[in-house]
There are 2 protein chains.
Amino acid sequence: MTTAAREQVGAKGERTRRQIIVGALQALATGGVAATTTRDIAAGAGVRLATLHYHFESKSALLLAVLEHLIDETTTALREETGDTADIASCIRGSLRAGWRYLTRTLELQIVQYELTLYALRRDDAVGLAGYQYDAYIKVYQDILQGVAGRTGELDAAECADVARFMLAGIDGLLLQELAKPNRTRSSHAIETLIAATQVFASGLSNNRKARKARRPATRG
Amino acid sequence: MTTAAREQVGAKGERTRRQIIVGALQALATGGVAATTTRDIAAGAGVRLATLHYHFESKSALLLAVLEHLIDETTTALREETGDTADIASCIRGSLRAGWRYLTRTLELQIVQYELTLYALRRDDAVGLAGYQYDAYIKVYQDILQGVAGRTGELDAAECADVARFMLAGIDGLLLQELAKPNRTRSSHAIETLIAATQVFASGLSNNRKARKARRPATRG
DNA sequence: GTCTATACGTCGATAGAC
DNA sequence: GTCTATCGACGTATAGAC
């Protein structure tokens with residue numbers, strides 16, 4: 001998605017464009033989306049104001065490009081942060097702890113991401129980007145779960161997606177609480193609670209699965 | 001909190017001030033915080049631009065006043081929406097379903113509230129308001145739970161607060177998912193999952209409590 | 001005390017020279 | 001592809017009418 005929907009293809013332009021996005025992200029993280037002007041961004045990226053508008057049709061288009069960049073960075077980081085595990089329960093524990101570790105390391109970026117997501121929701125031409133974002137994050141967790149479930153057979157694809165959605169909702173809600181009223185100790189405990197709750201949810205699904213199998217063995221083999 | 005920190009006390013001024021806040025809320029809900037100008041708000045509220053700035057020191061101060069108004073409205077609505085219940089499990093089910101019903105009825109207001117909360121987080125003089133907001137919502141659910149727990153003895157105050165925080169995180173996360181990619185059916189199922197998970201969490205706390213009591217009966221009577 | 005008219009500096013965006 | 005110069009609209013400040 002990052003390199004799609006592009007107009008100019010020159011190598012120089014490509015470099016300048018990326019330079020503006022990175023500079024914009026830094027400016028946005030420092031002062032917030034509402035307070036950051038295009039002049040701030042241009043100065044931070046080392047280009048003139050008019051140059052910025054040559055590469056991006058509008059401030060809006062630049063902000064959405066920054067959001068795409070953030071989504072890519074976050075999904076990549078989340079995938080790399082998580083290690084292999086033996087069963088679903090430890091996979092849930094591992095990916096939630098790893099995800100939380102990444103988010104708390106990058107709190108400023110997460111605020112920008114919330115700001116930009118809400119910004120995208122308000123633009124008719126970008127509501128899809130907000131939806132894409134949540135699909136992408138759910139898919140990260142779903143893929144991680146399915147990597148394990150594929151071997152153990154504990155959950156099918158749809159069930160992994162449901163568990164992933166539950167995990168994302170919990171971690172999202174706790175992140176908002178941590179941003180509004182920071183308290184790492186309290187949040188760490190809350191994450192452990194979320195881990196336990198997700199494990200119960202997943203094993204509930206898994207048990208239903210076994211029960212169905214036992215009741216109607218012919219339909220499965 | 002709404003009527004605190006006021007300067008003018010005249011009845012006329014009070015009415016105008018309220019009129020501006022309500023007009024502002026409507027304008028913000030329609031166009032979003034970023035796109036709403038003070039001129040829009042003034043026109044919508046039926047006052048002159050300069051009148052707006054007589055009642056509010058700045059656009060910032062007006063936006064924060066709108067956030068306070070929203071917090072008050074939401075906490076009141078959440079308390080009224082929830083009925084009495086016999087035990088903690090049905091209390092959790094009732095308050096989560098009631099809360100979700102209210103939020104989905106007022107999605108536009110919820111977007112504005114997220115926008116304004118993030119806005120407050122960026123202002124050094126208003127970070128406290130963001131924290132106050134989450135404390136207020138947690139207290140709503142905590143009070144509802146304690147009303148039941150006080151009779152049944154299932155949970156103490158601190159445990160009610162933990163359960164309340166878990167509920168808020170879950171509902172907050174699912175609200176974000178619903179806003180980013182609306183799907184009422186999917187969200188309703190997710191809320192039922194959250195209800196079940198919260199009930200398991202609460203009954204786990206409650207069982208620990210009974211186990212402690214059985215192990216050390218002297219310390220309790 | 002309540003409101004208005006008017007003006008100021010900065011914002012996002014653009015035109016046209018280079 | 002980048003520059004300077006400039007536009008209307010924005011948030012804000014204030015002197016004065018009632």
Side-chain angles (χ1 to χ4, degrees), chain A residues 6-25 27-28 30-67 115-116 119-120 122-126, chain B residues 3 5-25 27-28 30-67 115-116 119-120 122-126:
Chain A
R6 293 294 321 290
E7 309 89 43
Q8 54 274 60
V9 283
K12 178 89 171 290
E14 192 64 42
R15 229 182 307 123
T16 308
R17 191 187 147 95
R18 184 152 194 94
Q19 179 182 346
I20 294 173
I21 290 181
V22 173
L25 182 51
L28 293 173
T30 306
V33 173
T36 302
T37 68
T38 48
R39 285 170 171 85
D40 291 339
I41 296 173
V47 301
R48 304 280 167 179
L49 179 57
T51 305
L52 186 151
H53 274 97
Y54 170 76
H55 288 279
F56 297 92
E57 191 187 322
S58 63
K59 183 183 186 183
S60 221
L62 169 55
L63 292 180
L64 297 177
V66 172
L67 179 54
E115 291 174 326
L116 291 177
Y119 182 82
R122 290 293 192 178
R123 297 207 40 100
D124 293 343
D125 58 345
Chain B
T3 53
R6 294 293 322 289
E7 312 87 41
Q8 54 274 57
V9 283
K12 179 86 172 293
E14 192 64 43
R15 227 181 309 124
T16 309
R17 192 187 146 94
R18 186 153 194 92
Q19 179 181 346
I20 293 173
I21 291 182
V22 173
L25 182 51
L28 292 172
T30 306
V33 173
T36 303
T37 69
T38 49
R39 286 170 170 86
D40 291 338
I41 296 173
V47 299
R48 304 280 166 181
L49 178 58
T51 304
L52 186 152
H53 276 98
Y54 168 76
H55 289 280
F56 297 93
E57 192 186 321
S58 63
K59 183 184 185 181
S60 221
L62 169 56
L63 292 180
L64 296 177
V66 172
L67 178 55
E115 289 174 327
L116 291 177
Y119 182 82
R122 289 293 192 178
R123 298 206 41 101
D124 292 345
D125 59 344

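- Atom CG in A:L64 sits roughly 15 Å away from atom P in C:dG12 (whole-Å rounding).
- Distances shown here put a side-chain N or O of A:Y54 below 4.0 Å from the OP1 or OP2 atom of D:dG1.
- Counting non-hydrogen atoms under 4.0 angstrom, B:S60 reaches nothing in the nucleic acid.
- Across the protein-nucleic acid pair, B:I20 atom CD1 and C:dT2 atom P stand 12 Å apart, rounded to whole Å.
- From A:H53, atom NE2 reaches atom CZ of A:R48 across 15.5 Å, with rounding to the nearest 0.5 Å.
- Per the geometry, CZ belonging to B:R15 stands 12 Å off C1' belonging to C:dT2, to the nearest Å.
- Annotation: the span from B:H55 atom NE2 to B:R18 atom CZ amounts to 14.0 Å, rounded to 0.5 Å.
- Ranking D:dT12, C:dC11, D:dC10 by closeness to the B:L49 side chain, first place goes to D:dT12.
- Taking the side chain of A:A50 as heavy atoms from C-beta on, and the options C:dG12, D:dT2, C:dT14, the nearest nucleotide is C:dT14.
- With distances taken from any side-chain atom of B:K59 to the nucleotides C:dT2, D:dT12, C:dG12, the minimum falls on D:dT12.
- Residue A:D40 is the one, among A:E57 and A:D40, whose nearest nucleotide of DNA chain C lies closer to the 5' end (criterion: closest heavy atom).
- Interatomic distance, A:T16 OG1 to A:I21 CD1, rounded to the nearest 0.5 Å: 11.5 Å.
- Of the candidate nucleotides C:dA13, D:dG11, D:dT4, D:dT4 has the atom lying nearest to any side-chain atom of A:R48.
- Rounded to the nearest 0.5 Å, atoms CD (A:E57) and CG (A:L64) are 11.0 Å apart.
- Protein atom CZ of A:R17 is 15 Å distant from nucleotide atom C1' of D:dG1, rounded to whole Å.
- The side chain of A:H55 places an N or O atom within less than 4.0 Å of a non-bridging phosphate oxygen (OP1 or OP2) of D:dT2.
- Whole-Å rounding puts the B:L52 CG to C:dA5 P distance at 15 Å.
- Here the CZ atom belonging to A:F56 is positioned 12.5 Å from the OG1 atom belonging to A:T38, to the nearest 0.5 angstrom.
- When the side-chain nitrogen and oxygen atoms of B:S58 are compared with OP1 and OP2 of D:dG11, none of them lie within a distance under 4.0 Å.
- Taking 4.0 angstrom as the limit, A:T51 places none of its side-chain polar atoms (N or O) nearer than this to OP1 or OP2 of D:dG1.
- Phosphate contact (OP1/OP2 of D:dT2, side-chain N/O of A:T16, threshold under 4.0 Å): present.
- OP1 or OP2 of C:dA13 lies within a sub-4.0 Å distance of a side-chain N or O belonging to A:H53.
- The side chain of B:R39 has C:dA7 as its nearest neighbour among C:dA7, C:dG1, D:dG1.
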